[in-house]
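A note on names: the letters A, B, ... follow the listed sequences, proteins ahead of strands, and every chain is numbered from 1. Note: hydrogens, waters and symmetry copies are ignored here, and every other heavy atom, side chains too, is used. The shown structure was predicted, so the numbers you read here are calculated from the model rather than taken from an experiment.
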Amino acid sequence: DGGITQSPKYLFRKEGQNVTLSCEQNLNHDAMYWYRQDPGQGLRLIYYSQIVNDFQKGDIAEGYSVSREKKESFPLTVTSAQKNPTAFYLCASTPGQRQETQYFGPGTRLLVL
Amino acid sequence: AQSVSQHNHHVILSEAASLELGCNYSYGGTVNLFWYVQYPGQHLQLLLKYFSGDPLVKGIKGFEAEFIKSKFSFNLRKPSVQWSDTAEYFCAVAGGYQKVTFGTGTKLQVIP
């Protein structure tokens, strides 16, 4: 089955620690996205990538970093500069353009110890 | 810049009641409109979408939405809800070649 996988399902971060969330897709989609979901705030775009080796900041990129070395992979690093990292993180992809239907992964819940 | 407003944050209905969730957007040009649904413990998934053509679009599980351009609205409807419709519903808009913007979501709770 084609789809998007995210790991881990739960992740705990200690003060001053960087953590990396994994996102892999086997849909052969060009574009990938990272969203942050907080209660009552909907989904907010962190970063997106429309092609390998290229990515753009979204609305709330501060304290996060990404890479896109392979078409199927788009890992997100939550750095120590992100002061409020506790949230549900969703990875998504589209075949090409940003305006198309998005396919989402199951999400990673990040908690701060 | 485009924006999306969902007026209902939490809706509680009894089974068989009719549902209408409001969604308004702001963008002056051509838009693509979406409703996504997040069932408890499941992936966020597409419920229905409007790109062009008939402004009344039908989606999965008996849901439909009507695009009213003059009102900048894309309300979601279902004539008779079931307990299995309990979920969080997100309206989203993509204007021109801009990225998709999501609304804040509406939590629907259906009481058996």
Side-chain angles (χ1 to χ4, degrees), chain A residues 1-7 9-10 23-27 29-51 54-61 66 74 87-109, chain B residues 1-11 21-25 27 29-52 57 59-60 65 67 74 87-109:
Chain A
D1 281 338
I4 298 179
T5 56
Q6 291 185 242
S7 61
K9 188 173 182 179
Y10 295 96
C23 177
E24 303 278 330
Q25 55 102 355
N26 61 3
L27 298 167
H29 285 177
D30 286 326
M32 297 185 74
Y33 311 81
W34 273 106
Y35 291 93
R36 171 177 170 144
Q37 184 178 6
D38 296 282
Q41 296 194 53
L43 277 67
R44 292 181 290 167
L45 183 65
I46 304 172
Y47 269 97
Y48 64 97
S49 168
Q50 293 187 272
I51 196 169
D54 186 50
F55 48 82
Q56 307 294 328
K57 291 182 178 180
D59 299 318
I60 55 166
V66 294
F74 191 41
F88 190 53
Y89 291 86
L90 287 169
C91 181
S93 69
T94 57
Q97 296 296 321
R98 294 178 288 180
Q99 305 78 25
E100 297 169 319
T101 300
Q102 303 207 4
Y103 295 80
F104 287 88
T108 292
R109 188 164 297 281
Chain B
Q2 64 191 17
S3 64
V4 182
S5 294
Q6 291 185 244
H7 313 299
N8 315 102
H9 299 293
H10 197 177
V11 173
L21 300 183
C23 173
N24 286 91
Y25 68 91
Y27 186 77
T30 303
V31 291
N32 291 348
L33 296 160
F34 308 84
W35 277 98
Y36 286 88
V37 60
Q38 192 171 35
Y39 296 105
Q42 294 190 28
H43 297 205
L44 195 66
Q45 61 184 284
L46 181 72
L47 194 58
L48 49 78
K49 64 185 179 185
Y50 171 82
F51 283 7
S52 64
V57 293
I60 60 172
F67 170 49
F74 190 56
E88 188 160 17
Y89 294 81
F90 294 91
C91 182
V93 62
Y97 289 98
Q98 296 190 48
K99 61 178 176 64
V100 175
T101 298
F102 286 84
T104 53
T106 298
K107 287 189 176 179
L108 172 65
Q109 184 178 355

Nearest 0.5 angstrom please: [X] [atom1] to [Y] [atom2], how far?
X	Y	atom1	atom2	result
A/F88	B/Q38	CZ	CD	6.0 Å
B/K49	A/T101	NZ	OG1	3.5 Å
A/Y103	B/Q45	OH	CD	11.5 Å

Report which part of [X] has an atom under 4.5 Å of a heavy atom belonging to chain A: side chain, backbone, both, or neither.
X	answer
B/E88	side chain
B/Q6	neither
B/L44	both

Is there a side-chain contact between [X] and [Y] (heavy atoms, below 4.5 Å)?
X	Y	value
B/Y36	A/Q102	yes
B/K99	A/Q56	no
B/F34	A/E100	no

Side chain, backbone, both or neither: which part of [X] has an atom under 4.5 Å from a heavy atom of chain B?
X	value
A/D59	side chain
A/Y35	side chain
A/L45	side chain

Quiz prompt | Minimum heavy-atom distance A/G105-B/H43, with the two atoms named | solution = C-ND1, 3.8 Å
Practice problem: Can you establish whether the number of heavy atoms outside A/L27 located under 6.0 Å from its atom CG is more than 12? | Solution: yes
